[in-house]
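One structure is given here, and the rest of the page talks about it.
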Amino acid sequence: MAAVIHHAGAGTTAATLRCGTPAVPVPAQLDAPFWSDRLTRLGVSPGPVPLHALTAARLAAAIRQALDDPRYRDQARAAAATLAAEDGAAKVLAAVDRAATGE
């Protein structure tokens with residue numbers, strides 16, 4: 001997969017980050033603008049194409065930018081490696097333990 005075009009929901013954004021592929025978010029609901037901005041700030045996306053402004057030409061330009069600039073691919077791979085190395089479940093368990101024991 002060269003790039004992922006998606007609605008920028010939390011789950012799809014997380015899956016996109018885990019796969020290490022540049023993203024072209026098309027935010028359409030609720031928290032999607034937040035996640036689109038996050039992808040852009042992480043450097044894995046050239047920026048969102050808002051649904052209300054979506055045209056074939058705008059989407060094609062965003063895809064072309066995501067594919068032609070290797071920085072998006074490099075940042076996406078780096079983000080995936082960071083996520084793969086993180087043991088999120090252990091951090092949650094430690095926080096629950098601290099809360100349960102009052103520490």
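Between atom CZ of residue Arg41 and atom CD of residue Gln75 there is a gap of 14.5 Å, rounded to the nearest 0.5 Å. Interatomic distance, Thr40 OG1 to Trp35 CH2, rounded to the nearest 0.5 Å: 13.0 Å. Here the CG-CZ distance, from Asp69 to Arg64, works out to 12.0 Å after rounding to the nearest 0.5 Å. Note: Arg38 CZ to Asp31 CG = 14.0 Å, rounded to the nearest 0.5 Å.
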Residues Val4, Val24; criterion side-chain contact (heavy atoms from CB on, under 4.5 Å); working and verdict: CA-CA 6 Å; Val4 178; Val24 177; over 6 Å; no
Verify side-chain contact (heavy atoms from CB on, under 4.5 Å) between Arg58 and Leu54, making sure each step is shown before the conclusion. CA-CA 6 Å; Arg58 288 192 73 190; Leu54 181 63; 5.7 Å; no
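In this structure, the side chain of Thr21 does not engage the main chain of Leu17 through any donor-acceptor pair within 3.5 Å.
A 4.5 Å side-chain heavy-atom check between Val26 and Pro50 finds every atom pair outside the cut-off. Proximity of Pro25 to Leu39: side-chain heavy atoms (C-beta onward) are separated by under 4.5 Å at one or more points.
Nearest approach of Ala23 to Pro46, heavy atoms of both residues: O-CD, 3.5 Å. The shortest non-hydrogen separation linking Val49 to Pro27 is O-CD, 3.7 Å. Leu67 approaches Ala3 most closely through the heavy-atom pair CD2-CB, 3.9 Å.
Evaluation of the side-chain hydrogen bond (donor to acceptor under 3.5 Å, both in side chains) test over residues 7-20, restricted to residues two or more places apart or in two chains, returns none.
Atom CZ of Arg73 has more than 12 neighbouring heavy atoms from other residues, nucleotides or ligands inside a 6.0 Å radius.
Between Asp87 and Lys91 no salt bridge is recorded (no basic side-chain N to carboxylate O distance below 4.0 Å).
Cluster membership for Leu59 and Leu51, using ILVMFWY side-chain heavy atoms within less than 4.5 angstrom, is shared.
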